[in-house]
Number of protein chains: 2
Amino acid sequence: MDTAAQPDTAPAENLSAKVYADLKMKLIVGQLRPAETLSIRTLAEEYGVSAMPVREALRQLASEDSLIGAAKKAYRVPDLTPSEAANLFFIRAILEGAAAEIAAENVRAKDIKFLEKLVQDMDTAWQNQDAVQFLLVNFKFHSRIYSLTGNSALQSMIESLYARTGPWLAHGITELVTIDSWMGDHPAIIGALRNRDAALARKLVEEDARWGVDLYRARS
Amino acid sequence: MDTAAQPDTAPAENLSAKVYADLKMKLIVGQLRPAETLSIRTLAEEYGVSAMPVREALRQLASEDSLIGAAKKAYRVPDLTPSEAANLFFIRAILEGAAAEIAAENVRAKDIKFLEKLVQDMDTAWQNQDAVQFLLVNFKFHSRIYSLTGNSALQSMIESLYARTGPWLAHGITELVTIDSWMGDHPAIIGALRNRDAALARKLVEEDARWGVDLYRARS
DNA sequence: TGGGTTAAACTGTGATCACAGAATCATGTA
DNA sequence: TACATGATTCTGTGATCACAGTTTAACCCA
């Protein structure tokens with residue numbers, strides 16, 4: 001198995017953590033599809049490790065509900081119902097909104113610069129119809145913002161939400177034909193951060209999180 | 001090892017999940033102290049199982065930052081700094097506040113009744129100086145509220161926050177002599193829920209979450 | 001008696017095996 | 001031909017062993 005689009009989640013002192021980080025990133029960027037089944041032995045062979053690290057990684061992802069694991073049945077990627085997805089985006093709006101508020105007070109010039117570059121990367125990814133790259137850059141964008149809070153607990157919670165909504169988003173993106181309203185928000189978020197307008201940053205980020213829900217509604 | 005004060009987290013189809021649930025509850029109610037060290041083999045013997053389920057449970061708790069696990073070093077209970085604890089209570093305030101808002105719209109008469117009973121239990125636990133029981137009932141109280149949201153993702157996130165702040169709270173409680181301001185909030189929360197006053201419920205729950213931080217400040 | 005060095009005990013980690021339940025597919029029967 | 005039933009394959013799970021790094025304790029030397 002080729003490793004996920006980009007490691008980036010790089011700590012990983014042991015094999016379990018490596019496998020975990022790789023699978024999680026694949027979930028985030030939509031390289032694993034809803035209802036897809038994951039086998040310990042198969043993944044072990046693909047990663048070139050024993051079953052041990054893989055089973056721990058899968059169990060860990062399942063414990064965060066990023067995967068579904070029933071007794072003696074194969075792990076599989078959750079196939080979210082619209083209501084479940086809405087629940088997740090709801091939490092994301094709350095947490096990221098609060099994070100943006102704090103971030104607006106801590107943001108530095110280099111952060112702004114980095115975010116601006118990501119907006120460009122996201123644009124090109126979209127033009128190339130590269131859904132994986134698109135979701136990856138989107139994740140990096142938000143990730144940078146909430147990392148500015150210095151609240152690592154908040155960070156890991158939001159990340160797990162991206163892992164859970166990733167497969168669902170990727171599915172939605174490839175299904176949909178017309179999405180062009182998304183890009184408008186990110187530059188606005190950057191502007192709010194630059195002006196240290198915490199309230200506006202919060203509002204914009206909350207709206208951005210709601211985009212995932214709207215994406216689905218547009219289909220039905 | 002005697003099992004945690006009360007299972008209550010009861011699904012557990014496999015041994016790993018049982019050990020995980022038991023250890024997590026012990027963290028929540030403060031039966032594990034900050035900086036305490038946990039050994040896979042020791043726990044395995046105490047639980048009467050092999051090392052396998054225990055190591056998976058410990059890894060899982062470590063992945064949620066409920067425990068600290070460095071490579072080839074013993075797992076241990078985090079000894080939070082005031083700033084780290086404040087970060088956790090901050091998230092709890094956000095999530096539980098939002099949860100209370102939704103709960104206020106879904107609350108039923110039997111929920112109110114249950115919560116009122118818990119307030120009494122909490123009172124007696126306090127009079128008995130039973131910190132474990134006190135924290136357990138407190139957890140049950142909040143747990144009932146955010147379970148009313150029907151958002152299971154929100155639920156598990158909040159629970160992990162209790163697991164992380166539990167040891168710290170227990171430590172704070174046993175250290176402190178005078179705490180009597182806490183009880184006033186819970187009846188008020190019940191009142192807000194009964195009146196379906198979402199905004200007030202949110203405000204009160206947020207304040208209640210801040211209590212943990214105040215608890216520490218009172219010491220220094 | 002104090003400090004540094006070495007050895008023993010303990011730690012998580014990875015791999016491998018045996019097992020029981022779930023899913024799948026083929027086979028034989030009505 | 002359709003359906004039920006069987007066997008085969010695949011699933012996670014628990015246990016056990018070997019290994020390397022960490023910690024602890026003892027011991028020896030100054």
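Within every chain, numbering begins at 1; the chains are lettered A, B, ... in the order of the sequence lines, protein sequences first and strands thereafter.
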May I ask you to evaluate whether B/Lys73 reaches the phosphate of D/dT23, defined as a side-chain N or O under 4.0 Å from OP1 or OP2?
yes

Please determine which of A/Leu23, A/Leu15, A/Thr42 meets the side-chain contact (heavy atoms from CB on, under 4.5 Å) test together with A/Tyr47.
A/Leu23

Short side-chain N/O contact to C/dC10 OP1/OP2 from B/Ser39, under 4.0 Å:
no

Within this structure, what is the CG-to-C1' distance between A/Leu38 and C/dA23, rounded to whole angstrom?
17 Å

Against the side chain of A/Pro53, the closest entry in C/dG14, C/dT16, D/dG14 is C/dG14

Whole angstroms only, please: what is the CD-C1' distance between A/Glu45 and D/dC10?
14 Å

Salt bridge check, B/Asp22 against B/Lys18: does any charged N sit closer than 4.0 Å to a carboxylate O?
no

Which residue, B/Arg41 or B/Met52, contacts DNA chain C at a nucleotide closer to its 5' end, judged by nearest heavy atom?
B/Arg41

If the cut-off is 4.0 Å, is B/Ser50 near the phosphate of D/dA15, judged by side-chain N/O to OP1 or OP2?
yes

Close approaches to DNA chain D from residues 57-65 of chain B, in residue order (heavy atom, under 4.0 Å)
none

Spell out yes or no: do the side chain of A/Arg55 and the base of C/dG14 have one donor N/O and one acceptor N/O closer than 3.5 Å?
no

B/Glu159 with B/Lys24: basic N within carboxylate O range, under 4.0 Å:
yes

Does CD belonging to A/Glu116 count more than 12 external heavy atoms closer than 6.0 Å?
yes

Taking NZ, NE, NH1 and NH2 as the nitrogens, is one of them in B/Glu206 or B/Arg202 under 4.0 Å from a carboxylate oxygen of the other?
yes

Calculate the interatomic distance between A/Tyr47 atom OH and C/dG14 atom P; express it in whole Å.
15 Å

Would you indicate whether B/Arg144, at its atom CZ, is surrounded by more than 12 heavy atoms from other residues, nucleotides or ligands within a distance under 6.0 Å?
yes

As a test of reading the structure: which of D/dT16, C/dG14, C/dG21 is closest to the side chain of A/Lys72, going by heavy atoms?
C/dG21

Taking only side-chain N and O atoms of B/Tyr75, does any of them lie within less than 4.0 angstrom of OP1 or OP2 on C/dT13?
yes

Report yes if some heavy atom in the side chain of B/Arg164 is under 4.5 Å from a heavy atom in the side chain of B/Ser66; otherwise report no.
yes

May I ask you to decide if the ring planes of B/His186 and B/Phe141 are parallel, tilted or perpendicular, using 30° and 60° as cut-offs?
parallel

Given C/dT16, C/dG12, D/dG12, the nucleotide with the shortest approach to the side chain of B/Ile40
C/dG12

Spacing of A/Asn14 atom CG relative to D/dG21 atom C1', expressed in whole Å:
13 Å

For DNA chain C, the dot-bracket pattern of Watson-Crick and G-U pairs whose distances stay under 3.5 Å, | for other-strand partners:
||||||||||||||||||||||||||||||

Polar side chain donor-acceptor pair, A/Tyr162 to A/Arg92, under 3.5 angstrom:
yes

Check the distance between D/dG14's C1' and A/Glu56's CD and give it to me in whole angstrom.
13 Å

